2 protein chains.
Amino acid sequence: MELRHLRYFIAVAEELHITRAAERLGMQQPPLSQQIKTIELELDVQLFLRKARGVELTDAGRAFLEEARATLKHLDRAFETTRRASRGEQGRLCVGVTSTTPFHPLVPRAIRAFREACPMVSLTLEECLSNESVDRLRNEQMDVAFIRANSGDGHGLVVTFLLEELMVVALPSAHILAQSKPETTVSLERLASETFILYGPPGTGMYDSTIAACQAAGFSPRIGNLGASTQLAPRITSTLSLVGAGLGITFVPWSLQRMNMEGVAYRAIKGPIRPKATLKLASRRGDQSAVVKQFINFVRKEAKDFAAR
Amino acid sequence: MELRHLRYFIAVAEELHITRAAERLGMQQPPLSQQIKTIELELDVQLFLRKARGVELTDAGRAFLEEARATLKHLDRAFETTRRASRGEQGRLCVGVTSTTPFHPLVPRAIRAFREACPMVSLTLEECLSNESVDRLRNEQMDVAFIRANSGDGHGLVVTFLLEELMVVALPSAHILAQSKPETTVSLERLASETFILYGPPGTGMYDSTIAACQAAGFSPRIGNLGASTQLAPRITSTLSLVGAGLGITFVPWSLQRMNMEGVAYRAIKGPIRPKATLKLASRRGDQSAVVKQFINFVRKEAKDFAAR
DNA sequence: AAAATTCATATCTAATGGATATGGCAATGG
DNA sequence: CCATTGCCATATCCATTAGATATGAATTTT
């Protein structure tokens, strides 16, 4: 049985007239008669009653007509679905974010744009540390990830630079520096004697860049010993909670300022070398998934908007 | 696109290996490669990624695999449905009954047996006078009908005799004849002076046989003038209600005795010529419907049981 | 570096889908 | 009632194309 047979059968069943059906199918009557017979033979079911003036459907024929139509329709849908999938408008996508990346407008904008363009893609977000994301990308537990660390490049992954933003210092609002007007800036050197709270293990996120910035300013930051607390929940929110509790200060990306936490104040940093945070996008090298490609396109587009400024 | 393509695609998608898939399909590798390419070309979608060691599915390929499988399954179901329909196990059937026929056990038995054998057939029953059923059969508003009249034979219908049953007389329970023991029989002649209530117009049901029986017994029955009441609702129940109300007597088929109506008593009839009611089955001559044929078979089977007695 | 694995390409063969010609049968119409 | 017409079936032939064979190219394994 081939699709041709279904098409032929439907034509005849609709015309109830083999000759006319053949015409409609752009073929001659005899081969069409043959093929119809072939179907009946294969199904071992009489589908038509040959009458002197045309043919008519048997009960079985009527049943088959309905089903055959449905089958063809099903197939059409199959094609449509497949094409959508190939255009990356359908499928699954798991996006990794860190705890700080969603605060930069690029991230929600890109995600929103993608969702609108590809509503058939089922999208999941997963919050991980940058290095965790990298692992998950390799294990194919994740398809793309917004990361801040430099780690992960090479080894089967591609990391594209998206943008760079200045860091600001987050202070307890009781801190002397937080008493000044919000617009006042703070020099790095002024922070040399402060206790720093850093989130995540070395190599992750902004740990390194914080240290680097301080060292460029001529001092090594004093890291607050938080015991095991750096292990558990190394999320930006918990770090800022510690800042709010007065245990120390930390640097956060500019975009984090929109997070108004009780007892935390932000101040811009002045000076020749100001610490910066980068936002990057990681994915598997050579990932053929159209969905992933599509998503990356949307992120790049958004990144371009921010680069323009 | 042909079903062959779907089958080939599925084989390759399952093996992820063209050579092995070709083996499984009982063909050589090159033509399979070709056909796969043809599909991709026709869909204008890359379904596989050719790797050094086998192939792998793209997102689109995965989507198509699911759909292609579903399509084939759909088609299988289509075949199954069609075959069922051809065996008369599926479809629609409208059965006509008169108001008296359901009382004979043959009718419910046949219907029940058919229902059990062909549960996929949607069955409707319609209660009509015999002559109405005949009309409806001709208009294809009905497929088979249990009737009692002789009418309808010929003119494109076939009427098969099922069985014959004796008639009994239905009397008001206040009637003198009803005062005797239930087993007592009544001779026809004894009823010569009674008023008869007949249901339905002449030619319908037992109208004719009642008259005929009386005439054979040497008298013409006195027909009660019921005004317009014979026109409306010529159902057996209303006739018996009239009997119960004492307006007259009537003959009903033996099987009607199971209907215990307030104020109505039944007595068997004795004598050389006893009125009889026949039960027949009518259908369209040459109706090809397997469902109808199937139903008729079941009815005949039941009829044989009764004929045996 | 050689061998093996696997898919792609090129060419050829054979199966079969479809065309042409014709026959048979029933309905239609003088 | 016979001739005509309309349609489907059968028989034969041709052309397309699915599939076979042989070979090449690329990569992986040994």
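The shown structure was predicted, so the numbers you read here are calculated from the model rather than taken from an experiment.
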What is the separation between atom [atom1] on [X] and atom [atom2] on [N], rounded to the nearest whole Å?
| X | N | atom1 | atom2 | result |
| --- | --- | --- | --- | --- |
| B:Arg20 | C:dT6 | CZ | C1' | 11 Å |
| B:Gln28 | C:dC12 | CD | C1' | 14 Å |
| A:Glu2 | C:dA15 | CD | P | 18 Å |
| B:Gln35 | C:dT9 | CD | P | 14 Å |
| B:Gln46 | C:dA8 | CD | C1' | 14 Å |
| B:Ile36 | C:dC7 | CD1 | C1' | 12 Å |
| B:Leu32 | C:dT9 | CG | P | 14 Å |
| A:Ile39 | C:dT16 | CD1 | P | 16 Å |

Walk along DNA chain D from 5' to 3' and tell me the first and last nucleotide with an atom closer than 4.0 Å to a non-hydrogen atom of chain B.
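For DNA chain D, the relevant span reads D:dA18 to D:dT28.
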
Distance below 4.0 Å between B:Ser33 side-chain N/O and C:dA8 OP1 or OP2:
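Answer is yes, contact under 4.0 Å.
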
So, is B:Thr19 close to the C:dC7 phosphate, meaning a side-chain N or O under 4.0 Å from OP1 or OP2?
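Checking B:Thr19 against C:dC7: at least one side-chain N or O falls below 4.0 Å of OP1 or OP2.
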
Between A:Arg50 and A:Gln34, who's closer to the 5' end of DNA chain D by nearest nucleotide?
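Closest to the 5' end, via its nearest nucleotide, is A:Arg50.
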
Please check: side-chain N/O of B:Gln294 versus main-chain N/O of B:Phe114, any donor-acceptor pairing under 3.5 Å?
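No.
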
Between B:Ser283 and B:Val144, is there a donor-acceptor pair closer than 3.5 Å when you use the side chain of the first and the backbone of the second?
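No: the side chain of B:Ser283 does not pair with the backbone of B:Val144.
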
Filter on salt bridge (Lys or Arg N to Asp or Glu O under 4.0 Å), then keep only pairs touching residues 294-303 of chain A, sequence neighbours left out; what's left?
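As it turns out, there is no salt bridge (Lys or Arg N to Asp or Glu O under 4.0 Å) pair with a partner in residues 294-303 of chain A once direct neighbours are skipped.
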
Test: salt bridge (Lys or Arg N to Asp or Glu O under 4.0 Å). Region: residues 28-43 of chain B. Which pairs qualify, not counting sequence neighbours?
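Found B:Glu40-B:Arg50.
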
Once base and sugar-phosphate atoms are separated, protein heavy atoms under 4.0 Å mark nucleotides 22-30 of chain C, 5' to 3', with B, S and - as ----SS---

Start at the 5' end of DNA chain C and walk down; is the nucleotide closest to B:Val55 or to A:His5 reached first?
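Its nearest nucleotide being more 5', the pick is B:Val55.
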
Contact class for B:Phe48 (heavy atom, under 4.0 Å): base, sugar-phosphate, or nothing?
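Counting heavy atoms under 4.0 Å across all strands, no contact is made by B:Phe48.
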
Rounded to the nearest 0.5 Å, what separates atom OG1 in A:Thr19 from atom CD in A:Gln29?
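Reported to 0.5 Å precision, the distance equals 5.0 Å.
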
Among all residues two or more places apart in sequence or in another chain, which pass the salt bridge (Lys or Arg N to Asp or Glu O under 4.0 Å) test with B:Arg112?
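Partners of B:Arg112 under the salt bridge (Lys or Arg N to Asp or Glu O under 4.0 Å) test: none.
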
Taking salt bridge (Lys or Arg N to Asp or Glu O under 4.0 Å) as the criterion, tell me which of B:Arg20, B:Arg24, B:Arg7 meets it with B:Glu14.
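The residue from B:Arg20, B:Arg24, B:Arg7 that satisfies salt bridge (Lys or Arg N to Asp or Glu O under 4.0 Å) with B:Glu14 turns out to be B:Arg24.
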
Qualifying side-chain hydrogen bond (donor to acceptor under 3.5 Å, both in side chains) pairs, either residue in residues 71-80 of chain A, two or more places apart
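Passing the test, one end in residues 71-80 of chain A: A:His74-B:His74.
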
Any salt bridge linking A:Arg284 with A:Asp143? Criterion: basic side-chain nitrogen under 4.0 Å from a carboxylate oxygen.
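Answer for the salt bridge query: yes.
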
